[in-house]
Q: 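Sharing a structure with you now.
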Amino acid sequence: MSRLNIELPGLTLKNPIMPASGCFGFGKEYSQFYDLSTLGAIMIKATTVEPRFGNPTPRVAETNAGMLNAIGLQNPGLQKVMGEELPWLAQYDVPIIANVAGSVEEDYITVAKEISQAPNVHALELNISCPNVKTGGIAFGTIPEVARQLTKKVKAISAVPVYVKLSPNVTNIVEMAKAVEEGGADGLTMINTLIGMRLDIKTGKPILANRTGGLSGPAIKPVAIRMIYEVSQAVNIPIIGMGGIQTAADVLEFFYAGASAVAVGTANFVDPFVCPTIIEELPNMLETLGFEHISECQGRSWKKHEQFAYHRA
Amino acid sequence: MSRLNIELPGLTLKNPIMPASGCFGFGKEYSQFYDLSTLGAIMIKATTVEPRFGNPTPRVAETNAGMLNAIGLQNPGLQKVMGEELPWLAQYDVPIIANVAGSVEEDYITVAKEISQAPNVHALELNISCPNVKTGGIAFGTIPEVARQLTKKVKAISAVPVYVKLSPNVTNIVEMAKAVEEGGADGLTMINTLIGMRLDIKTGKPILANRTGGLSGPAIKPVAIRMIYEVSQAVNIPIIGMGGIQTAADVLEFFYAGASAVAVGTANFVDPFVCPTIIEELPNMLETLGFEHISECQGRSWKKHEQFAYHRA
Amino acid sequence: MIQKELCKIISQTEIATNIYELTVSAQLTREIVAPGQFVHLRVASGGDPLLRRPISICSYDRNKLQFTMIYRKEGHGTSLLTKMVAGMEIDILGPLGNGFPIEEVSSGETALLVGGGIGVPPLYELSNQLAANGVHVIHVLGFQTRAASFYEDKFLENGETYVATVDGTYGSKGFVTDIIKDIQFDCLYTCGPTSMLQAIAKQYPDEKVFLSLEERMGCGIGACFACVCKQTDDPTGVSYKKVCSDGPVFRAGEVLI
Amino acid sequence: MIQKELCKIISQTEIATNIYELTVSAQLTREIVAPGQFVHLRVASGGDPLLRRPISICSYDRNKLQFTMIYRKEGHGTSLLTKMVAGMEIDILGPLGNGFPIEEVSSGETALLVGGGIGVPPLYELSNQLAANGVHVIHVLGFQTRAASFYEDKFLENGETYVATVDGTYGSKGFVTDIIKDIQFDCLYTCGPTSMLQAIAKQYPDEKVFLSLEERMGCGIGACFACVCKQTDDPTGVSYKKVCSDGPVFRAGEVLI
Ligand SMILES: Cc1cc2nc3c(=O)[nH]c(=O)nc-3n(C[C@H](O)[C@H](O)[C@H](O)COP(=O)(O)OP(=O)(O)OC[C@H]3O[C@@H](n4cnc5c(N)ncnc54)[C@H](O)[C@@H]3O)c2cc1C
Ligand SMILES: Cc1cc2nc3c(=O)[nH]c(=O)nc-3n(C[C@H](O)[C@H](O)[C@H](O)COP(=O)(O)OP(=O)(O)OC[C@H]3O[C@@H](n4cnc5c(N)ncnc54)[C@H](O)[C@@H]3O)c2cc1C
Ligand SMILES: Cc1cc2nc3c(=O)[nH]c(=O)nc-3n(C[C@H](O)[C@H](O)[C@H](O)COP(=O)(O)O)c2cc1C
Ligand SMILES: Cc1cc2nc3c(=O)[nH]c(=O)nc-3n(C[C@H](O)[C@H](O)[C@H](O)COP(=O)(O)O)c2cc1C
Ligand code: FES
Ligand code: FES
């Protein structure tokens, strides 16, 4: 019996562990280390209509228990992703979640329409929250009405369920979540990176060429947990949680907060085997804690105990 | 020659290092370790009209490179602070910045009016950003117009300059900063804690009795630096920077970002000697980097190099 | 006075399953004034973990300037601590807090010392000092299981010692509270899980009982208000004690537990 | 193939001021295919520091399954690394990247190896392999100061070796670019500060020159796009190479530096 299988809109997951967008490329590099079919799903790198080079380097800087990145959505563009990356990934038995990015509404719509038709793309992740792109983007991620509108338009043309990726850089995350739910989102993914900066002690200047960057890694985990805790109680669509996950225990913390699946980002850089390791460790950890299935953990931080009648511990 | 003295509204500082509010009580505990007169200033614990017990325990939880707290503004109340704590502190040659908190406007005004008259209180720090109190507070820290109004009213009755402490839990920190500048603030202090949460792996429940808490420590430093970088370019009042400072190098990073003085919070718990250690190390570090005075570092991340003609490096 | 000192590790041994005995050489031993005080350990020089860890002083030797702690490997911090070996240095802040009042019981009187699990260590120095004062000392120690039990032989040197294990693998099966029912005493000192302290306080509302409390801490020195507990007798609703600096030892009934 | 391995430290020595030579026993030595490849080291098991550190392979021994790195104590990560001693284990990911193409120069021809500071180490294995192939190898090594110089004697065993120091405390005063002006070669290999690489690339627009680049890295394996550089010949404006997986060695002119 599997303790880990999860059903989400568009996604039948062997397990709820997937690499986060931008932290796994299009999978090739990690296929050197393990069979990608072990993964619950793969969130591929953001795709835009045209190829993008992204920001100048340095693009990463280290922080305490975290890192900043300002890659700037570098990607080979829609045609190449459709023609090369997705077909390559099709050799694996793993659903793909395509991360869709853009500067204006039409960009999102063009990418979403086409990429959602790729046979192995089972869901879209609408990236309305990338902190590293100058033009556009920011309003989509911070103004509820703008986010709702975009979600609605993308939903109208997408061949697969649409998850919207929320930015943590807002005063009221619940309001954002409700707006995209209203717009028809099938699910949420959260959180994207916090906006941060590091300065070089010798020059006094930003370490990142882009000046600011997105903060990820264990440092942001408490912010992610808090936001998922709040949002999961306010919406009726599932959440794929992320932000600093490194261990099986972290995964449970995200489930307790209200997530129904999780993504692992930065930790892949520290340990390329982190996803399969977590997948391997989870069943034992569930067993020890007295859970028969990981879904029993979902929302445990706020659900009343009656709802856990089947729970042994 | 001192490389460290700084003049700010109401404050003549021997050096720009001060313990942050809530992390130093009213100084007594740390006076066991060193002479409090070595400090640039002291930001005392938030004071409210009435004594407050604060939140139930546990009130702290550890996170990667940070901690969560939900003390809930425990304090002995205005009368005791005026009658006992401030007179006790008067034995030291150190300006006090009084942190003023409340649930409604009148609370702030009552405390500000009276405490600003204490002879050793040289400035107020208006705490519109405490994430750990249920009633009120939150609107003051997140709605620009509300913050502006409150600042204006407190300015009108305060006998000393007023600094406003900004919350990082907002979409647009620059907007908040400008609003309180318009309201007449003499300076800003930033950042207060990010809202975060931790769940217990065994029970699934929040570790903090208050559920959520304020995230502080090195984990949040990149967020603080980014916000100070943005705000210092947008306003004409000085900033006292804080958020994760542990070392003399961190202090310079805050100056480069645009701060004119800094406060050290969580690091006091890790090393009770952290403030005097930084004060001792700063002059050498400045010397090595070729600065004659710490003020030369201020805003270096965004100021044009011409403005640093006197700088040797 | 509280010191912050880099202390050299003299020895570290796993004396029971996941239970470590750690002895350090420390000038701050001079400042220890009572059994039941604790220290705050920094287990990593960087920020992971960031906060110090409170650990009780189990015994100390003012002549050798050494003291010993016993701790259980729990989470991240104590796991890292187990990796340290003799010769390495560890950053210690202490001694902290107020310990057990040994003057509350006189020569010839009987003291009952009740420890649960990782609450047992601070009772050891207490036992030594009481025994040295001619007090009749009885120990009741509770552990989860035999493999996690320790120091019974050491306590035996000072007086009668009863052991209970939750799973019955050693001593009597059950809780310390079952054993102590039949024991007479002039003063009771206890340290252990909160549920145990609550039961004991309830069992002896009119006796002289001293409890050592645990609470999550920030500073450990009274500055951050992380570790407060309410005073029992509280007309205003805002009176409190800090476990780190007013405690960790309180007289039963003094604070709400 | 890239391996992730816990490697035992055989030795660590400070061979010049703040310059450490670290030798580890590693199965992954088998996978090293060219001088100039690098590894990614995890210096702490927790999150501080979080990311791995890229360090070049300085020499390796396929029989003993050992390899040696030389690094400078710079910031937090390398400082922690200096604390590790023989017998401890270190988490290594590697070998990474593509090294120097030794087949570009044949027996009897002359190779000029130009290293600056901490760019010197990867040239050592290169020198060994070229010398073994019968190539005439000339070394030009630049250091800040005498105290930071290392390995001159080792390079001397393979061929002529010139040293320059910025402050003139050893060898000729000045930069490696001054020395190499008068040297004839068939192929030039270089590793060091970007400014040095730029100067060399400019000095020899028409010669065979291979540069090893440095860039801040995330993953080290080509997945994160942290370490890209633009291709020189770029009609679209979006062509790039990744320093970690396409490099770190590139032919001069191939990418913008
Ligand atoms: C006054 C006092 C004396 C103590 N004496 C001893 C002793 O002698 N031997 C011993 O084994 N343990 C003792 N403890 C408990 C010990 O402090 C915790 O087991 C330890 O802090 C756990 O740290 P960790 O990193 O392994 O666990 P984690 O769960 O990773 O710790 C996370 C955070 O929670 C805090 N924390 C976790 N459990 C406790 C706890 N029970 N009490 C207070 N804070 C906690 C940690 O300090 C840390 O800040 C004492 C606690 C207090 C308050
Ligand atoms: C392919 C390659 C090979 C290298 N080989 C060597 C070698 O053989 N010997 C040696 O001493 N150094 C080498 N370096 C440089 C070495 O990686 C840095 O000195 C080291 O990462 C600094 O880490 P730190 O924690 O001490 O410094 P910190 O400044 O604390 O590091 C902060 C962050 O910046 C990164 N960083 C800082 N400096 C550099 C740099 N110059 N290049 C890349 N990332 C950097 C760190 O990896 C880390 O992520 C190499 C770099 C690359 C890219
Ligand atoms: C190097 C890097 C690149 C990223 N690129 C993307 C991206 O293209 N699209 C996206 O939605 N999120 C991107 N992210 C954000 C991650 O998907 C994830 O939301 C975030 O890093 C938090 O998770 P973590 O702490 O596990 O890394 C990127 C993150 C990193 C570190
Ligand atoms: C335990 C604790 C209590 C705090 N209490 C207050 C407070 O009473 N008033 C206030 O304005 N800020 C309070 N803060 C916030 C700090 O003053 C500071 O803004 C924040 O911790 C970031 O700095 P740091 O990372 O150096 O701790 C508190 C922080 C901590 C950790
Ligand atoms: S731990 Fe800070 S007051 Fe007790
Ligand atoms: S470091 Fe990640 S692609 Fe090169």
Side-chain angles (χ1 to χ4, degrees), chain A residues 19 22-34 45-46 48 50-77 80 200-201 207-209 213 216-219 221 244 246 265-274 277, chain D residues 1-6 31 40-54 74-78 91-97 194 213-231 234-246 255-257:
Chain A
C23 302
F24 207 72
F26 294 93
K28 276 209 186 84
E29 293 77 16
Y30 289 91
S31 73
Q32 305 170 72
F33 295 104
Y34 57 89
K45 184 142 189 57
T48 53
E50 299 299 330
R52 283 178 61 106
F53 178 77
N55 293 320
T57 59
R59 292 176 170 190
V60 294
E62 201 178 42
T63 71
N64 295 81
M67 67 176 280
L68 293 170
N69 90 80
I71 307 297
L73 296 182
Q74 177 160 23
N75 80 93
K80 199 157 172 207
D200 186 294
I201 288 306
I207 290 179
L208 298 176
S216 64
K221 202 184 76 175
Q246 288 187 300
T266 304
N268 290 289
F269 307 157
V270 180
D271 176 4
F273 294 98
V274 64
T277 303
Chain D
M1 247 196 50
I2 303 170
Q3 310 283 318
K4 179 172 147 325
E5 186 181 344
L6 271 183
E31 311 287 333
H40 227 183
L41 300 180
R42 189 166 178 192
V43 297
S45 61
D48 188 25
L50 185 66
L51 298 175
R52 289 172 180 270
R53 298 304 192 251
E74 278 282 333
H76 184 43
T78 50
D91 178 346
I92 301 186
L93 185 71
L96 302 176
T194 305
L213 304 188
E214 270 189 16
E215 191 52 79
R216 294 211 174 215
M217 295 188 174
C219 65
I221 61 167
C224 76
F225 292 80
C227 66
V228 298
C229 46
K230 293 213 173 195
Q231 280 180 242
D234 178 10
T236 61
V238 296
S239 332
Y240 62 90
K241 293 283 179 186
K242 294 174 193 159
V243 170
C244 70
S245 52
D246 299 318
V255 295
L256 288 176
I257 51 172

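Values reported hereafter were calculated over all heavy atoms of this structure, with side chains retained and with hydrogens, waters and symmetry mates removed.
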Q: Examine whether an atom of Leu93(D) lies under 4.5 Å from a heavy atom of chain A, and if so say whether it belongs to the side chain, the backbone or both; otherwise answer neither.
A: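 Only the side chain of Leu93(D) comes within 4.5 Å of chain A.
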
Q: More than 12 heavy atoms of other residues, nucleotides or ligands under 6.0 Å from CD of Gln32(A): yes or no?
A: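 Yes.
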
Q: Quick check: closest heavy atoms across Asp271(A) and Lys4(D), and the distance to 0.1 Å?
A: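 Reported closest heavy-atom pair: OD1-CE, 2.9 Å.
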
Q: Is it the backbone or the side chain of Ser245(D) that comes under 4.5 Å from a heavy atom of chain A, or both, or neither?
A: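 Contact with chain A: none, neither part.
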
Q: Among Arg42(D), Gln3(D), His76(D), single out the residue with the greatest number of heavy-atom pairs under 4.5 Å to chain A.
A: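 Answer, by heavy-atom pair count under 4.5 Å with chain A: Arg42(D).
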
Q: Nearest heavy-atom pair of Arg59(A) and Gly54(A): which atoms, and what distance?
A: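 Minimum heavy-atom separation between Arg59(A) and Gly54(A): NH2-C, 3.8 Å.
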
Q: Can you check whether Leu41(D)'s main-chain N or O pairs, donor with acceptor, with Arg52(D)'s side chain at less than 3.5 Å?
A: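 Checking the backbone N and O of Leu41(D) against the side chain of Arg52(D), no donor-acceptor pair under 3.5 Å is found.
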
Q: For the candidates Glu29(A), Lys45(A), Met67(A), Gln246(A), which exhibits the highest count of non-hydrogen atom pairs separated by less than 4.5 Å from chain D?
A: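 If we count pairs closer than 4.5 Å to chain D, Glu29(A) comes out on top.
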
Q: Could you tell me whether the side chain of Ile207(A) reaches within less than 4.5 Å of the side chain of Leu68(A), counting heavy atoms only?
A: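 When only atoms from C-beta onward are counted, Ile207(A) and Leu68(A) do not touch, as no gap falls below 4.5 Å.
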
Q: Over 60° means perpendicular and under 30° means parallel, so classify the ring planes of Phe273(A) and Tyr34(A), tilted if in between.
A: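 Because their plane-to-plane angle lies in the 30° to 60° range, the rings of Tyr34(A) and Phe273(A) count as tilted.
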
Q: Ser239(D), Gly47(D), Gly220(D), Ala226(D): which one forms the most heavy-atom pairs within less than 4.5 Å of chain A?
A: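 Looking at each of Ser239(D), Gly47(D), Gly220(D), Ala226(D) in turn, Ala226(D) comes out on top.
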
Q: Taking Cys229(D), Ala223(D), Gly75(D), Cys227(D) one by one, which has the highest count of heavy-atom pairs under 4.5 Å against chain A?
A: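 Counting heavy-atom pairs under 4.5 Å, the top option is Ala223(D).
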
Q: For chain D, which candidate among Gly22(A), Pro272(A), Cys23(A), Gly217(A) shows the most heavy-atom pairs at distances under 4.5 Å?
A: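 So the answer, after comparing Gly22(A), Pro272(A), Cys23(A), Gly217(A), is Pro272(A).
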
Q: Of the backbone (N, CA, C, O) and the side chain (C-beta and beyond), which part of Arg216(D) lies under 4.5 Å from a heavy atom of chain A, both, or neither?
A: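 Both backbone and side chain.
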
